[in-house]
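Shown next, in structure tokens, is the structure this report addresses.
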2 protein chains.
Amino acid sequence: MNTPADPMLPVPEIPHNHKQCVHDALKMAELLCVERGVQLTAIRHQVLELIWESHKAVKAYELLDRIRPLQAAAKPATIYRALDFLLAQGLVHRVESLNAFVGCSCSGHQHEQLLLICKQCEEVEERMAAEVMQVLAEEFRQAGFAAHSKAIEVHGLCKKCVG
Amino acid sequence: MNTPADPMLPVPEIPHNHKQCVHDALKMAELLCVERGVQLTAIRHQVLELIWESHKAVKAYELLDRIRPLQAAAKPATIYRALDFLLAQGLVHRVESLNAFVGCSCSGHQHEQLLLICKQCEEVEERMAAEVMQVLAEEFRQAGFAAHSKAIEVHGLCKKCVG
DNA sequence: CTGTTATAAGATATATTATAACATTCGCCC
DNA sequence: GGGCGAATGTTATAATATATCTTATAACAG
Ligand SMILES: [Zn+2]
Ligand SMILES: [Zn+2]
Ligand SMILES: [Zn+2]
Ligand SMILES: [Zn+2]
């Protein structure tokens, strides 16, 4: 259907093929939902797809506007319910400091990563940051704190934009 | 004025004298504002005092309700402007994951700490977490990311509540 | 004192984000 | 096809935040 990138060409400067990104994320989501016996309904699938249109964080009401061509009757609850589901399944992250949502690029694994949020291009990079998490765990131990969920959100300029 | 705690008594179980907390925070705020040549006006001072009533994060509209006996004409903008000022001066932190605000217990020094947010008692503990910040800095270096501001917010149970 | 500038606060309206509550429909099992 | 729970439709409203325009006040220069 779409012209695929020639796999023989060296592509040193293009860090990723976004179509592939989206495809992988959706396939993974479908797989995980089947495995877990939960329903990735049409609306939920559409919302996930809309979130994955870019690596930028998307606002709930932006999603609402963008889903209307597909779901004419969509209301805020339509979006928030889909988001609740996707968050519960770990398929998207909420970016607390933006009141926005971004696709999770590692839905299979552990969650609670480091989010690097670019002020310029608005893209959000997710990183496991294993060492950070480990040192953080030690800090909790010292503080006598039993952590349930963590959000590490950093605003700044990404590699591309820092020039 | 207030009965001071006898410094000779061992106080093993009371971790802090909150009146002292508040007093120190307000004095520090006044000092810093003078040093910086910015105005800690009556409204700003009152808002800061209200925020320091406890170590819980406070919502903007709670502050609005609570400032009305003092400022009958207060409107949302009254509070948000005061909060903007206090945030800019590093005198309070915004807790992104709660849309709420908490007094900064180290206004003098560096900012961007780790916030440990208790689900039970709702108190927020602020920690410098120097080692975490250092490892995080290394992570940014690897990612080629130029960090401007960070928020590390962890929800869970604090020492007192974890039992 | 008076004009000028800058900052703060008052006032009104509105934008943005999120949830509650209840009705209806859908998919599935029996 | 009847019953059940999950998902969605629908309406209303709550909660959070900002924009804009006006008025007041302080600091300072001429
Ligand atoms: Zn991509
Ligand atoms: Zn960027
Ligand atoms: Zn205290
Ligand atoms: Zn607690």
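All values below were derived from every heavy atom in this structure, side-chain atoms included, with hydrogens, water molecules and symmetry-related copies excluded. Labels below follow one simple rule: chain letters A, B, ... track the order of the sequence lines, proteins then strands, and each chain is numbered from 1.
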Would you please classify the geometry between the A:Phe145 ring and the A:Phe140 ring as parallel, tilted or perpendicular, with 30° and 60° separating the classes?
tilted
Nucleic acid contacts of residues 47-55 of chain B, taken as heavy-atom distances under 4.0 Å to DNA chain D:
none
As a test of reading the structure: which of D:dA7, C:dA9, C:dT7 is closest to the side chain of B:Gln39, going by heavy atoms?
C:dT7
Establish whether the base of C:dA18 is bridged to the side chain of A:Tyr61 by a donor-acceptor pair shorter than 3.5 Å.
yes
Apart from B:Leu115 itself, residues in the same hydrophobic cluster as defined by side-chain heavy atoms under 4.5 Å
B:Val95, B:Leu98, B:Val102, B:Ile117, B:Val124
Phosphate OP1/OP2 of D:dA17: any B:Asn99 side-chain N/O under 4.0 Å:
yes
Can you check nucleotides 9-11 of chain D for protein contacts, nitrogen or oxygen pairs under 3.5 Å, and list what you find?
from, atom 1, to, atom 2, distance (Å)
D:dG9, N7, A:Arg81, NH1, 2.8
D:dG9, O6, A:Arg81, NH2, 2.5

So, does A:Arg44 get its side chain near the phosphate of D:dA6, meaning an N or O under 4.0 Å from OP1 or OP2?
no
If I take atom NZ from residue B:Lys119 and atom OG from residue A:Ser149, how far apart are they, to the nearest 0.5 angstrom?
5.0 Å
For A:Glu125 versus B:Ala143, what's the shortest heavy-atom pair and its separation?
OE1-CB, 4.5 Å
Is it the case that over 12 heavy atoms from other parts of the model lie below 6.0 angstrom from the NE2 atom of A:His18?
yes
Donor-acceptor check, side chain of B:Glu153 to backbone of B:Leu114, threshold 3.5 angstrom: yes or no?
no
List the steps, then state whether ring-ring contact (aromatic ring centres under 6.0 Å, His included) holds for A:His55 with A:His16.
CA-CA 11 Å; A:His55 289 276; A:His16 83 272; 4.8 Å; yes
